[in-house]
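In what follows, a structure is listed as structure tokens, so that the remarks can point back to it.
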Amino acid sequence: MNRESGIGNRFVALALAPTALPAADVNVGGELLRVVLSLAAVVALIFVAGWLSRRLQVRGRPGGRRIRCVEAMAVGARDRVLLLDADGKRLLVGVGPGGMRTLHVYDSMPAEPVAVEQPGALALPAFGELLARWKRGS
């Protein structure tokens with residue numbers, strides 16, 4: 001009886017053992033192309049999703065943001081003066097290490113920013129003019 005049970009166990013073990021199959025031919029070039037195209041499709045989907053999220057954002061008003069920095073000027077190593085437009089008002093704000101402070105609130109905003117020319121300021125030549133000078137010099 002001991003001999004018969006040993007034969008039965010061997011038969012079960014042989015039946016459950018994986019059979020050796022011939023190696024399948026793998027097209028390495030085709031698989032590599034499939035992986036590269038899949039990666040490109042995923043990257044393209046990421047860019048499309050980012051573009052769509054920017055285009056479909058709901059904005060507070062048609063013009064975009066309600067606060068806009070018109071101009072900034074450094075008045076010290078760590079101090080700045082900012083000219084801000086906020087909800088139709090123009091504010092002059094001082095910013096420093098101690099915090100922010102409103103310096104002045106203008107009653108009405110000017111229609112267009114006023115261009116102020118500083119006396120003694122040198123006019124910079126155009127890029128094309130600089131390039132022509134450089135070509136003539138060499």
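Between Leu83 and Arg90 the shortest heavy-atom distance is CD1-CG, 3.6 Å. Across Gly50 and Ser53, no two heavy atoms sit closer than the pair O-OG, 2.8 Å. Smallest separation of non-hydrogen atoms from Leu91 and Ala86: CD1-CB, 4.1 Å. Shown here for Arg80 and Val75, the closest heavy-atom pair between the two residues is N-CG2, 4.1 Å.
To the nearest 0.5 Å, the span separating CG on Leu82 from CD1 on Ile67 amounts to 11.5 Å. Rounded to the nearest 0.5 Å, atoms CZ (Arg34) and CG (Asn27) are 11.0 Å apart. Atom CZ in Arg133 sits 15.0 Å away from atom NZ in Lys135 (nearest 0.5 Å). Note that CG of Leu56 is 8.0 Å distant from CH2 of Trp51, once rounded to the nearest 0.5 Å.
Both Val70 and Met73 are assigned to one and the same hydrophobic cluster, defined by single-linkage of ILVMFWY side chains at heavy-atom distances under 4.5 Å. Val95 and Val105 fall within the same hydrophobic cluster, defined by Ile, Leu, Val, Met, Phe, Trp and Tyr side-chain heavy atoms under 4.5 Å apart, directly or through other members.
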List the steps and the verdict of side-chain contact (heavy atoms from CB on, under 4.5 Å) for Leu103 and Val93. CA-CA 5 Å; Leu103 302 175; Val93 178; over 6 Å; no
Mind running side-chain contact (heavy atoms from CB on, under 4.5 Å) on Thr102 and Leu92 for me, showing each step along the way? CA-CA 6 Å; Thr102 303; Leu92 187 64; over 6 Å; no
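By the neighbour-count criterion of 12 heavy atoms within 6.0 Å, atom CG of Leu37 is densely surrounded, having more than that number from other residues, nucleotides or ligands.
Looking only at side-chain heavy atoms (C-beta outward), Cys69 and Asp85 stay at 4.5 Å or farther from each other.
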